[in-house]
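Each remark here refers to the structure printed beneath this line.
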There are 2 protein chains.
Amino acid sequence: MQFQNNKLARKLNNEKDYSTEQKIKEAARTLFTQKGFAETKTREIAEKSGINLALMNYYFRSKQKLYDIIMEENMASFKQGISDLFGRTDLDAYQKIERLANYYIDEFIAHRDLPMFIVSTIYSSTEMDFVNNEQDMISKSRKVFVNQIKDLIAQKKIKPIHPAHVISNLIGLIIFPFMIGPLLKKRAQINEKEFVELMMERRQLIPVWIKSMLEK
Amino acid sequence: MQFQNNKLARKLNNEKDYSTEQKIKEAARTLFTQKGFAETKTREIAEKSGINLALMNYYFRSKQKLYDIIMEENMASFKQGISDLFGRTDLDAYQKIERLANYYIDEFIAHRDLPMFIVSTIYSSTEMDFVNNEQDMISKSRKVFVNQIKDLIAQKKIKPIHPAHVISNLIGLIIFPFMIGPLLKKRAQINEKEFVELMMERRQLIPVWIKSMLEK
DNA sequence: TAATGATTTAAACAAATGATTAAAAAAAAT
DNA sequence: ATTTTTTTTAATCATTTGTTTAAATCATTA
């Protein structure tokens, strides 16, 4: 890839690199997350990013490679967030829940189609990287959190409950409203501004809800 | 469609009508719900239902029409369920929550890919029939339920809360675990049997959780 | 300025895919 | 038994779509 020299040069010269490469990726990210892999056509990506069809392949070799890169980036930030937080030992379970709600609700307000993308990726992952890998970071940090829950149960501070319920409920309460956003807007007559306000409200509410679910 | 006479005859003769038409629809339903419209190929449907490619078009005119029919059926049962229940005036809000959890968890255990299908349909619906239609059944019955919530708030029996939260939480708690089923199974080392047990547990738990979220 | 390398384009190719056709086989009706 | 209708098939068509090629333009450097 000879062009990298040039790219590197630009980077070093600190030019704002809103390059063609970036434009393609941005357009592709939007389309892929909105419509999935198969439904997104290469010509669509080209049109949306205002470039020629062949350029996409010049930069990314193929549609599949482009998709992989984007998905990898999307997932990386998502995974990192959870992993970093859940793995910490200086925070108790409630503090983690609180931070998780805050972090991801902000994240999802900013990137509105991430939720659907993440969930459908998880859903359709059979042998996928995201779910595999026994000894990866996220598995380890997950265990730290689960043990904190188990401890609370052992200390009779909360009701006995399968940790899978806690995690399902927590992630579900955070992510699900974004997935039925269109429905809320039409059905419940909520406009964009109100929707964001409701989501901001949830940053506070979710920890409280989880708490009242867990405690006796 | 001349074959309808024949079909009708069979129906009247009470023959079990596991016809080609049905086989195509079943195969298509599975594929469409699992992989979406674009990713499902007509030849795949044909192969899975053990019929010739041309038959699909003979019965359903086009892939799109077949998809529409299946989606319509999927949605109809989903909508009907909510509509019937929420609209009732002889049940209070809590009773409705209880029945909703029971009804749909059973439904989703039986049809495992319905949740993802429903949610992605809602998500990608802009001008869609599902969300449109001001004076339809589901809108009316939704209002009955929302008013019951508002009444409880007015009577100070529950904390003030936006009804959209209640509905998001309720539907989310029911439907979301099915969407991250694959994740739970791999991550939390839960096998199929345990997964179903957990979901059955939720039939009881969700109403309790909602209650403890709402009450002061 | 000339030359070299990077970027972009228009055009074309090949495979995949949705749909159709014409004819054969099976079933039903006469 | 014969005819008609329904069902099924193999082959083919036409379009879409991912990818490649070869050439043109632009930028950088010697």
Side-chain angles (χ1 to χ4, degrees), chain A residues 1-32 34-71, chain B residues 1-32 34-71:
Chain A
M1 312 230 172
Q2 307 91 329
F3 61 82
Q4 281 194 338
N5 293 330
N6 198 342
K7 277 284 148 59
L8 187 61
R10 282 200 200 159
K11 273 259 167 75
L12 292 174
N13 286 338
N14 207 15
E15 294 174 27
K16 62 183 168 190
D17 185 16
Y18 204 64
S19 57
T20 307
E21 201 179 336
Q22 282 303 318
K23 282 193 290 185
I24 295 172
K25 265 170 68 173
E26 277 320 302
R29 186 187 315 277
T30 308
L31 291 170
F32 279 140
Q34 270 174 1
K35 332 202 311 178
F37 180 78
E39 216 150 335
T40 301
K41 309 303 175 188
T42 52
R43 283 165 176 81
E44 233 179 327
I45 299 174
E47 190 186 5
K48 180 150 192 158
S49 43
I51 54 106
N52 185 281
L53 175 59
L55 259 188
M56 199 208 83
N57 289 295
Y58 172 71
Y59 279 106
F60 298 98
R61 295 276 301 163
S62 76
K63 180 189 175 188
Q64 184 66 54
K65 293 241 170 65
L66 172 57
Y67 179 81
D68 291 344
I69 288 169
I70 287 170
M71 200 201 73
Chain B
M1 312 233 175
Q2 307 92 326
F3 61 82
Q4 280 194 338
N5 293 329
N6 197 343
K7 277 284 148 57
L8 187 60
R10 281 198 203 159
K11 273 259 167 72
L12 291 175
N13 286 337
N14 207 17
E15 294 174 30
K16 60 184 169 191
D17 185 18
Y18 204 65
S19 58
T20 308
E21 202 179 336
Q22 282 303 318
K23 281 193 291 185
I24 295 173
K25 266 170 66 172
E26 277 320 302
R29 187 188 313 276
T30 307
L31 290 169
F32 279 141
Q34 271 174 2
K35 331 202 317 177
F37 180 78
E39 214 150 338
T40 301
K41 309 303 175 188
T42 52
R43 283 165 177 82
E44 235 179 326
I45 298 173
E47 190 186 6
K48 180 149 189 157
S49 44
I51 54 106
N52 186 282
L53 175 61
L55 259 188
M56 201 208 83
N57 289 297
Y58 171 71
Y59 280 107
F60 298 98
R61 293 278 302 164
S62 76
K63 179 187 174 189
Q64 183 66 54
K65 292 240 170 66
L66 173 56
Y67 180 82
D68 291 345
I69 288 169
I70 287 171
M71 200 202 74

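Convention: sequence-line order gives letters A, B, ...; per-chain numbering from 1.
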Counting only heavy atoms not in A:Glu47 (residues, nucleotides, ligands), do more than 12 fall under 6.0 Å from its CD? no
Expressed as a whole number of angstroms, how long is the span from B:Glu47:CD to C:dG18:P? 14 Å
Write down the distance between CD1 (A:Ile24) and P (C:dT8), rounded to a whole number of angstrom. 8 Å
Heavy atoms, side chains only, cut-off 4.5 Å: are A:Ile45 and A:Leu66 in contact? yes
A side-chain contact here means heavy atoms from C-beta on lying under 4.5 Å apart; do A:Tyr58 and A:Leu55 qualify? yes
Between atom CE in B:Met56 and atom P in D:dT7, what is the gap in whole Å? 17 Å
Within less than 4.0 Å of OP1 or OP2 of D:dT8, is there a side-chain N or O belonging to B:Thr20? yes
Listed by chain and number, what are the salt bridge (Lys or Arg N to Asp or Glu O under 4.0 Å) partners of B:Glu39, not counting sequence neighbours? none
For the residue pair A:Tyr67 and A:Phe37, does the interplanar ring angle fall in the parallel (under 30°), tilted (30 to 60°) or perpendicular (over 60°) class? perpendicular
All N/O contacts under 3.5 Å from nucleotides 9-13 of chain D to the protein, with atom names and distances to one decimal?
unit_1: D:dT9; atom_1: OP2; unit_2: B:Asn52; atom_2: N; d: 3.1
unit_1: D:dA10; atom_1: OP2; unit_2: B:Asn52; atom_2: ND2; d: 3.4

Starting from C1' on D:dT19, measure out to NZ on A:Lys65 and report it in whole angstrom. 12 Å
Closest to the B:Tyr59 side chain: C:dT20, D:dT8, D:dT19? D:dT8
Distance check, rounded to the nearest 0.5 Å: A:Gln22 atom CD versus A:Thr20 atom OG1? 10.0 Å
Between C1' of C:dA10 and CG of A:Asn57, the distance in whole Å: 15 Å
Report the distance from atom CD of A:Gln64 to atom C1' of C:dA15, rounded to the nearest whole Å. 16 Å
Using a cut-off of less than 4.0 Å, is there contact between a side-chain N or O of B:Ser62 and OP1 or OP2 of C:dG18? no
Check step by step if salt bridge (charged side-chain N to carboxylate O under 4.0 Å, His left out) holds for A:Glu26 and A:Lys48. CA-CA 9 Å; A:Glu26 277 320 302; A:Lys48 180 150 192 158; over 6 Å; no
Quick one: B:Arg61 CZ to C:dT21 C1', roughly how many Å, whole number? 14 Å
In whole Å, I'd like the distance from the CG atom of B:Leu66 to the P atom of C:dA19. 10 Å
